[in-house]
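Quick note on labels: first sequence line is chain A, next is B, and so on, each numbered from 1.
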Protein chains: 2
Amino acid sequence: MEVGDLSRVAQDYLKVIWSASEWGEPPITTKGLAERFSTTRANVSETLHRLDDQGLLIYRPYRPALLTPIGRRLAIAMVRRHRLLEAYLARTLGYAWNEVHDEAERLEHAVSELFLARIDEVLGHPAIDPHGDPIPNADGSWPQFGDTAELSEVPPGSYVVLRVSDTDAEQLLQLAEVGMRPGVTVTTSGKDGAITVAGKAVRLDPEQLGAVRVLV
Amino acid sequence: MEVGDLSRVAQDYLKVIWSASEWGEPPITTKGLAERFSTTRANVSETLHRLDDQGLLIYRPYRPALLTPIGRRLAIAMVRRHRLLEAYLARTLGYAWNEVHDEAERLEHAVSELFLARIDEVLGHPAIDPHGDPIPNADGSWPQFGDTAELSEVPPGSYVVLRVSDTDAEQLLQLAEVGMRPGVTVTTSGKDGAITVAGKAVRLDPEQLGAVRVLV
DNA sequence: CCATACAGTTAAGTTAACTTAACTTGTCGC
DNA sequence: GCGACAAGTTAAGTTAACTTAACTGTATGG
């Protein structure tokens with residue numbers, strides 16, 4: 001089974017369910033999926049039943065959905081598509097850091113494996129996307145990095161930003177405006193969200209701090 | 001109304017119905033659409049009713065479908081998408097002449113207007129795609145060329161190839177193999193499909209000759 | 001001018017995906 | 001330990017898109 005055999009909706013669900021737990025968070029809820037896809041909880045519930053029937057995940061009412069090995073493999077293939085496309089859009093078509101996500105969400109359902117192979121080659125097999133998220137290899141394996149932690153839970157000190165979450169476009173734009181992007185150095189004071197980003201003093205709320213992962 | 005508001009199926013129908021008459025051929029039939037989309041005549045019939053209801057075309061049973069002004073505008077927007085994408089794939093991603101069509105058919109439903117604007121700029125606002133088909137401008141107007149005719153209906157002599165039809169992938173590959181592509185010079189003898197392409201003698205059947213348009 | 005072949009249509013049924021409405025479950029504060 | 005409320009589910013209905021089966025129009029050759 002390949003991602004091309006899945007419906008657009010199935011592709012979206014697998015990617016989002018997998019991504020929700022990428023950094024150790026608890027499994028995404030029915031409500032969370034409904035918000036993510038701007039639909040009703042009822043619709044999510046029914047769709048999860050269908051995906052269970054298709055063997056992509058295990059879903060028992062009132063339990064969180066759990067990806068099967070097949071579901072996980074396909075989810076990671078979707079994540080690879082998304083992140084490779086983000087990298088391509090930023091590098092070759094001049095997309096701004098906060099514009100790549102939406103376009104990648106459109107293209108990830110459409111491009112062929114040939115297209116992916118070509119852009120992977122043009123980019124020189126990149127290991128991370130513009131937000132710092134690792135790009136899985138074609139065989140599902142992962143590039144290796146040091147350990148990371150959320151900026152919200154790290155002791156005061158200086159850190160190198162590795163990753164900025166791209167799930168909330170609004171938030172991403174705010175973070176981009178204060179210069180927060182992979183590679184910059186930030187210093188946390190521990191006091192109330194006051195930090196310096198590339199030398200400039202800024203203040204971030206806890207949610208914004210949680211969207212930034214740094215090397216520890 | 002924009003192309004993004006249409007279903008994928010509606011986008012396909014408008015593009016194909018419009019394209020069928022691009023070079024003066026009669027309107028495409030129900031059967032023709034069914035073959036083009038690998039579906040049943042029944043399905044085509046029902047879909048045409050739906051598109052009529054949506055005001056995209058006029059459809060009366062046993063009459064050919066006729067695009068409304070709105071339908072035509074959207075059809076041309078889809079043609080622009082398709083051909084711009086073909087040009088982009090060939091020029092920047094090393095797609096072979098006969099590979100671009102299939103990938104463009106996937107992408108044309110997915111890319112945003114921003115994406116189109118960017119690739120149009122990268123390509124320097126091209127007037128033709130890799131098969132020699134004209135690319136409509138964003139406002140629906142057309143680049144100007146000299147008159148063309150099918151190679152099958154032209155008197156013996158030498159001509160410059162302007163366009164090679166891409167609707168049949170198999171045929172396109174055959175024509176590519178004998179060196180038939182936009183820009184080359186061909187000489188017809190009038191005898192039985194015997195012609196020279198860029199100096200080399202080859203023989204083409206009438207259907208193949210009909211797929212090639214030359215400057216007259 | 002009419003029988004017939006085939007193009008075209010209608011009808012009925014299916015599936016994925018969605019909605020709204022009504023119901024159930026689970027958990028948290030007291 | 002229980003009541004209330006949020007989360008979750010089920011049910012019923014809708015729509016686009018598809019299929020198969022059966023029927024209808026139409027154009028053409030004899």
Side-chain angles (χ1 to χ4, degrees), chain A residues 1-17 20-21 25-66 70-71 74 78 105-106 108-110, chain B residues 1-17 20-21 25-66 70-71 74 78 105-106 108-110:
Chain A
M1 174 133 53
E2 293 308 319
V3 291
D5 302 328
L6 303 174
S7 74
R8 160 177 311 251
V9 170
Q11 290 177 355
D12 279 334
Y13 272 64
L14 294 183
K15 188 189 69 167
V16 168
I17 290 169
S21 302
E25 299 98 71
I28 193 166
T29 61
T30 298
K31 191 190 180 210
L33 287 167
E35 281 166 359
R36 178 61 213 273
F37 297 129
S38 301
T39 183
T40 58
R41 299 190 299 275
N43 184 19
V44 170
S45 212
E46 193 212 1
T47 302
L48 290 176
H49 273 301
R50 262 201 322 275
L51 299 182
D52 181 298
D53 290 345
Q54 293 171 47
L56 300 171
L57 48 78
I58 293 167
Y59 176 58
R60 297 293 166 262
Y62 301 103
R63 305 253 83 97
L66 212 69
I70 292 170
L74 296 172
M78 288 309 298
E105 291 238 304
R106 299 163 149 268
E108 67 193 10
H109 304 295
Chain B
M1 175 134 54
E2 293 308 318
V3 291
D5 303 328
L6 303 174
S7 72
R8 161 176 312 250
V9 170
Q11 290 178 355
D12 279 334
Y13 272 65
L14 294 184
K15 188 189 69 167
V16 167
I17 289 169
S21 301
E25 297 97 72
I28 193 166
T29 61
T30 299
K31 191 189 179 209
L33 287 167
E35 281 165 359
R36 178 62 212 275
F37 297 128
S38 300
T39 184
T40 59
R41 298 189 299 274
N43 184 21
V44 170
S45 212
E46 193 213 0
T47 302
L48 290 176
H49 274 300
R50 262 200 321 276
L51 299 182
D52 181 298
D53 290 346
Q54 293 170 48
L56 300 171
L57 48 79
I58 293 166
Y59 176 58
R60 297 292 166 264
Y62 301 103
R63 306 252 82 97
L66 212 68
I70 293 170
L74 296 171
M78 289 308 298
E105 292 239 301
R106 299 164 149 267
E108 67 193 11
H109 304 295

In whole Å, what is the span from the CZ atom of B:Arg63 to the C1' atom of D:dG25?
11 Å
5' priority, DNA chain C, between A:Thr47 and B:Lys31 [closest heavy atom]:
B:Lys31
Nearest-Å distance, CG (A:Asp53) to C1' (C:dA17)?
14 Å
C:dA7 OP1/OP2 closer than 4.0 Å to side-chain N/O of B:Thr30:
no
Would you mind telling me which of D:dA16, D:dG8, D:dC18 lies closest to the side-chain atoms of A:Tyr59?
D:dG8
Calculate, to the nearest 0.5 Å, the distance between atoms CG and CE belonging to A:Asp12 and A:Met78 respectively.
7.0 Å
Does a side-chain N or O from B:Thr39 land closer than 4.0 Å to OP1 or OP2 of D:dT19, or not?
yes
About how many Å separate NZ of A:Lys15 and CG of A:Leu6, when rounded to the nearest 0.5 Å?
13.0 Å
Would you indicate, yes or no, if D:dA16 has its OP1 or OP2 atom less than 4.0 angstrom from a side-chain nitrogen or oxygen of B:Ser7?
no
A:Ala42 has a side chain; which of D:dA17, C:dT10, C:dT20 sits nearest to it?
C:dT20
Indicate the ring-plane relationship of B:Phe37 and B:Tyr13, choosing parallel, tilted or perpendicular according to the 30° and 60° boundaries.
parallel
For the atom pair CG (B:Leu51) and CG (B:Leu14), what is the distance rounded to the nearest 0.5 Å?
6.0 Å
Looking at A:Arg41, I'd like to know whether one of its side-chain N or O atoms comes within less than 4.0 Å of OP1 or OP2 on D:dT9.
no
In this structure, how many angstroms lie between the P atom of D:dT19 and the CD atom of B:Glu46, rounded?
11 Å
Quick one: is B:His49 getting a side-chain N or O under 4.0 Å of the C:dT10 phosphate, OP1 or OP2?
yes
Rounded to whole Å, how long is the line connecting atom CG of B:Leu51 with atom C1' of D:dA17?
11 Å
Do the side chain of A:Gln11 and the main chain of A:Val3 share a donor and acceptor less than 3.5 angstrom apart?
yes
Nearest-Å distance, NE2 (B:His109) to P (D:dA16)?
18 Å
C:dA17 phosphate, OP1 or OP2: any side-chain N/O from A:Asn43 under 4.0 angstrom?
no
Nearest whole angstrom, please: distance from the C1' of D:dA6 to the OH of A:Tyr62.
12 Å
Given DNA chain C, 5'-ward residue of the pair A:Thr40 and B:Gly32, judged by closest heavy atom:
B:Gly32
Please report, rounded to the nearest Å, how far the C1' atom of D:dT15 is from the CZ atom of B:Arg8.
18 Å
Length of the line joining A:Arg50:CZ and D:dT10:P, which is rounded to integer Å
14 Å
